[in-house]
Amino acid sequence: MKGLYFQQNSTNEEVTFVFQEKENVPVTEDNFVRVQVKACALSHINTKLLAEMKMEKDFFPVGREVSGIVLEVGRKVTFFQPDDAVVGILPLDSEDPGLCEVIRVHEHYLVHKPEKVSWTEAAGVIRDGVRACTALYYLSQLSPGKSVLIMDGASAFGTIAIQLAHHRGAKVISTAHSLEDKQHLERLRPSIARVIDVSNGKVHVAESCLEETGGLGVDIVIDAGVRLYSKDDEPAVKLHLPHKHDIITLLGVGGHWVTTEENLQLDPPDSHCLFLKGATVAFLNDEVWNLSNAQQGKYLCILKDVMEKLSAGVFRPLLDEPIPLYEAKVSMEVVQKNQERKKQVVQF
């Protein structure tokens with residue numbers, strides 16, 4: 001039985017993906033289950049975080065968002081039994097790659113998959129669904145009538161976040177980085193209040209948001225990264241992003257800025273401006289629930305909530321056509337370079 005792993009070179013920059021033979025070990029741990037994988041989504045691997053967590057290995061397992069059927073359960077497993085359909089996110093320290101036919105996983109990382117949800121949808125949604133719920137419900141306390149700016153709304157994450165915000169009764173504004181993105185956002189229902197096309201670099205995001213909100217500013221901003229310096233001092237991949245000053249400018253009184261920029265630097269004038277507005281800054285860390293065992297119960301509630309909303313049709317994911325396992329190596333190379341737009345899912 002083969003699984004996909006990655007190997008990092010000594011410079012910690014390039015990642016090589018390889019298939020390795022994996023032994024089919026039966027369940028021996030009390031709280032573990034053995035799962036036959038039906039689908040596994042592909043996501044960017046944060047090699048920097050793995051290094052910080054001292055989790056470097058010669059070969060590291062690839063693929064964590066999985067859906068499948070329970071084959072066997074440990075003697076202390078209470079939530080599942082054989083033949084249950086499950087979905088979940090494997091922990092950072094998982095010894096098994098999700099891109100493998102059979103895996104072992106602790107039961108606390110899985111929830112039941114609703115019957116109406118397909119294998120590929122379940123695996124393709126779970127990670128971005130958790131991120132969107134974390135950003136909207138836990139970090140910014142979204143409530144009906146609030147205005148929300150979701151940057152890069154045509155991404156897999158942005159599409160889910162927009163639909164969840166609409167479900168809560170929010171007024172949504174979003175940015176588009178291409179004509180295709182703009183058309184995708186305009187097709188979403190309910191309709192977005194305003195789609196800001198930033199593809200030509202001529203439209204000012206802050207001005208557009210202030211105009212849309214009558215000068216009040218938006219209540220919640222979920223960015224997709226920001227520029228910290230002038231365009232001359234930023235790498236090319238960040239030139240399309242708004243400057244941090246733009247985000248601060250468009251925030252309303254008591255606003256919440258949820259950022260994915262882990263190295264955000266706020267100068268004293270920036271902090272003073274946020275202070276005057278009574279605004280807050282929160283960091284959207286993909287692994288925040290994974291790194292806190294004390295929050296495991298809350299994490300399972302989020303997983304269940306995502307699946308229930310998907311089953312009820314509250315949101316529809318932005319998925320690419322499923323691919324077979326033998327194409328996973330090439331697809332992961334694309335995903336690792338952040339070159340994909342739709343979510344890639346391997347179907348077994």
Worksheet item: Can any side-chain N or O of Arg189 pair as donor or acceptor with the backbone N or O of Ser191 at less than 3.5 Å?
Response: no
Discussion item. Check whether Lys113 reaches the backbone of Ile69 with its side chain - one donor and one acceptor, N or O, closer than 3.5 Å.
Written reply: no
Worksheet item: To the nearest 0.5 Å, how far apart are CD in Glu211 and CZ in Arg194?
Response: 4.0 Å
Worksheet item: Can a salt bridge be assigned to the pair Glu262 and Lys48 using a cut-off of 4.0 Å between side-chain N and carboxylate O?
Response: yes
Worksheet item: Any cation-pi pair here, Arg168 with Tyr137, using under 6.0 Å and within 45°?
Response: yes
Practice prompt. Take atom CD of Glu327 as the centre, draw a 6.0 Å sphere, and report whether it contains more than 12 heavy atoms from other residues, nucleotides or ligands.
Written response: yes
Response to the item:
Looking only at heavy atoms, the pair that brings Asn200 and Val203 closest together is OD1-N, 3.9 Å
Worksheet item: Which atoms form the tightest heavy-atom contact between Ala165 and Leu142, and what is the distance?
Response: CA-CD2, 3.7 Å
Worksheet item: Do NZ/NE/NH1/NH2 and the carboxylate oxygens of Arg127 and Glu287 come within less than 4.0 Å?
Response: yes
Worksheet item: Roughly how far, to the nearest 0.5 Å, is CZ of Phe79 from CD of Glu107?
Response: 5.5 Å
Worksheet item: Taking Glu21 for the side chain and Met1 for the main chain, is one N or O donor matched with an acceptor at less than 3.5 Å?
Response: yes
Fill in: From CA spacing to verdict: ring-ring contact (aromatic ring centres under 6.0 Å, His included), His166, Phe315
CA-CA 10 Å; His166 273 146; Phe315 65 88; over 10 Å; no
Discussion item. Check this for me: Glu115, atom CD, are more than 12 non-hydrogen atoms of other residues, nucleotides or ligands nearer than 6.0 Å?
Written reply: no
Worksheet item: Does NZ belonging to Lys277 count more than 12 external heavy atoms closer than 6.0 Å?
Response: yes
Item to complete: Over 60° means perpendicular and under 30° means parallel, so classify the ring planes of Phe80 and His112, tilted if in between.
Response: tilted
Fill in: Inter-residue atom distance Gln141.CD - Thr280.OG1, 0.5 Å rounding
7.5 Å
Worksheet item: Got a donor-acceptor contact below 3.5 angstrom from the Thr175 side chain to the Asp152 backbone?
Response: yes
Item to complete: Compute both the distance and the angle, then confirm whether Lys298 meets the cation-pi test with Trp289: under 6.0 Å from the six-membered ring centre, within 45 degrees of the axis.
Response: no
Discussion item. Donor-acceptor pair, distance only, cut-off 3.5 Å: does the side chain of Ser174 make one with the backbone of Ile150?
Written reply: yes
Discussion item. Between Lys22 and Glu101, does any side-chain N to carboxylate O distance fall below 4.0 Å?
Written reply: no
Fill in: Any Ile45 side-chain heavy atom under 4.5 Å of Phe60 side chain
no
Practice prompt. State the CG-CD1 distance between Leu303 and Ile126, to the nearest 0.5 angstrom.
Written response: 4.5 Å
Fill in: Salt bridge Lys337-Glu333, side-chain N to carboxylate O under 4.0 Å
no
Practice prompt. Side-chain contact test, heavy atoms from C-beta onward, threshold under 4.5 Å: evaluate it for Trp257 versus Asp223 and give yes or no.
Written response: yes
Discussion item. Can you confirm whether more than 12 heavy atoms, excluding those of Gln36, are under 6.0 Å from its CD atom?
Written reply: yes
Item to complete: Report, as yes or no, whether the 6.0 Å neighbourhood of atom NE2 on His272 holds more than 12 heavy atoms from other residues, nucleotides or ligands.
Response: no
Worksheet item: Would you say Asp320's side chain and Lys342's backbone share a donor-acceptor pair under 3.5 angstrom?
Response: no
Worksheet item: Can we say Glu212 and Lys171 salt-bridge, meaning some charged N sits less than 4.0 Å from an Asp/Glu carboxylate O?
Response: yes
Discussion item. Show the nearest heavy-atom pair for residues Gly3 and Pro97, with the distance to one decimal.
Written reply: CA-CG, 4.0 Å
Discussion item. Does any part of the side chain of Leu99, heavy atoms only, come nearer than 4.5 Å to the side chain of Leu42, both counted from C-beta?
Written reply: yes
Item to complete: Give the C-alpha distance, both sets of side-chain angles, the deciding distance and a yes or no for side-chain hydrogen bond (donor to acceptor under 3.5 Å, both in side chains) between Ser43 and Lys343.
Response: CA-CA 8 Å; Ser43 294; Lys343 195 73 172 180; 2.7 Å; yes
Fill in: Over 12 non-hydrogen atoms of neighbours within 6.0 angstrom of NZ in Lys244
yes
Worksheet item: Going from CG on Leu188 to CZ on Arg316, what distance comes out if it is rounded to the nearest 0.5 angstrom?
Response: 13.0 Å
Practice prompt. Look at the side chain of Arg131 and the backbone N and O of Asp286, then say whether any donor-acceptor pair between them is shorter than 3.5 Å.
Written response: no
Worksheet item: Do Asp270 and His245 have side-chain atoms, one donor and one acceptor, less than 3.5 Å apart?
Response: yes
Discussion item. Between Lys182 and Glu186, does any NZ, NE, NH1 or NH2 come within less than 4.0 Å of an OD or OE carboxylate oxygen?
Written reply: yes
Worksheet item: Is it true that atom CG of Asp83 has more than 12 heavy atoms of other residues, nucleotides or ligands lying nearer than 6.0 Å?
Response: no
Worksheet item: Does any non-hydrogen side-chain atom of Cys40 lie less than 4.5 Å from one of Val66?
Response: yes
